[in-house]
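Below, each value reflects all heavy atoms present in this structure, side chains not excepted, and no hydrogens, waters or symmetry copies.
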Amino acid sequence: MGPDGRILWANRAELDLVGYSEAEYVGRHIVDFFADPLAPGDILERTARGERVEAYRTAIRTRDGGIKQVLIDGSGLFRGKEFVHSRLQSRDITGLIEREELARHRVEATSQLKDEFLA
């Protein structure tokens, strides 16, 4: 991602995650893909200050309109004091979040059954 937030390059895994072709994805601003409107600016500001972004949890929109929960890691590349670009990696945690929510619902249901039985 360039200093202006435009996508400069994406690997196959990122393109598969978002469902876009390279031609559709590269050159666009990252704000086009985030479900959370504050996340792109926050990530860009952090990397531009030289901070590492680690396990930044947010949601992105896919080409088909779906939402994927992701963790983003990244850092900025500098030449001297000049901010050249950011390198970001996205990890899809959608399935993990869904399984966690299902497990939580099961625990709540079990707890409710136990309370009813004891009552």
Apply side chain to side chain contact (heavy atoms under 4.5 Å, CB included) to the pair R87 and V53, showing each step before the final yes or no. CA-CA 10 Å; R87 295 170 287 203; V53 175; over 6 Å; no

Between D42 and F34, is the side chain to side chain contact (heavy atoms under 4.5 Å, CB included) condition met? List the steps. CA-CA 12 Å; D42 188 31; F34 281 79; over 6 Å; no

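Considering only residues two or more places apart in sequence or on other chains, R104 meets the salt bridge (charged side-chain N to carboxylate O under 4.0 Å, His left out) condition with E100. Considering only residues two or more places apart in sequence or on other chains, E98 meets the side-chain contact (heavy atoms from CB on, under 4.5 Å) condition with T94. Here A59 pairs with A35, I67, Q69 under the side-chain contact (heavy atoms from CB on, under 4.5 Å) rule; sequence neighbours left out. In this view, R28 and Y20, D32, F33 satisfy the side-chain contact (heavy atoms from CB on, under 4.5 Å) rule, not counting sequence neighbours. The side-chain hydrogen bond (donor to acceptor under 3.5 Å, both in side chains) test applied to D64 returns T62, not counting sequence neighbours. Evaluation of the salt bridge (charged side-chain N to carboxylate O under 4.0 Å, His left out) rule for R91 yields D73 as partners, not counting sequence neighbours. For the ring pair (Phe, Tyr, Trp, His ring centres under 6.0 Å) test, no residue two or more places apart in sequence or in another chain qualifies with Y56. For S21, the side-chain hydrogen bond (donor to acceptor under 3.5 Å, both in side chains) partners two or more places apart in sequence, or in a different chain, are E24. With sequence neighbours left out, the salt bridge (charged side-chain N to carboxylate O under 4.0 Å, His left out) criterion links D16 to R12. Every residue two or more places apart in sequence or in another chain that forms a side-chain hydrogen bond (donor to acceptor under 3.5 Å, both in side chains) with R49 is listed here: E51. Qualifying salt bridge (charged side-chain N to carboxylate O under 4.0 Å, His left out) partners for R52, counting only residues two or more places apart in sequence or in other chains: E54. With sequence neighbours excluded, the residues that form a side-chain hydrogen bond (donor to acceptor under 3.5 Å, both in side chains) with E14 are Y25, S90.
The hydrophobic clustering, which links ILVMFWY residues whose side-chain heavy atoms are closer than 4.5 Å, places L71 and L44 apart. Residues V18 and I93 do not share a hydrophobic cluster, defined by chaining ILVMFWY side chains whose heavy atoms lie under 4.5 Å apart. Under the 4.5 Å side-chain contact rule for hydrophobic residues, I60 and L96 do not share a cluster.
Taking the side chain as every heavy atom from C-beta outward, L17 and K68 approach each other to under 4.5 Å. At a threshold of 4.5 Å between non-hydrogen side-chain atoms, the residues M1 and L8 do not count as touching.
D92 and V70 get closest at one heavy-atom pair: CA-CG1, 4.2 Å.
Judged by distance alone, the side chain of H29 and the main-chain N or O of D4 form a donor-acceptor pair under 3.5 Å. S111 places no side-chain N or O within donor-acceptor distance of the main-chain N or O of V107, the cut-off being under 3.5 Å.
For the atom pair CG of L15 and CZ of R63, the computed distance is 12.0 Å after rounding to the nearest 0.5 Å. The structure places OG1 of T58 at 4.5 Å from CG of D36, a figure rounded to the nearest 0.5 Å. The structure places OG1 of T47 at 4.0 Å from CZ of F83, a figure rounded to the nearest 0.5 Å. Separating the CD1 atom in I7 from the OG atom in S86 is a distance of 11.5 Å, to the nearest 0.5 Å.
Within a 6.0 Å radius of CD in E22, no more than 12 heavy atoms belonging to other residues, nucleotides or ligands are found.
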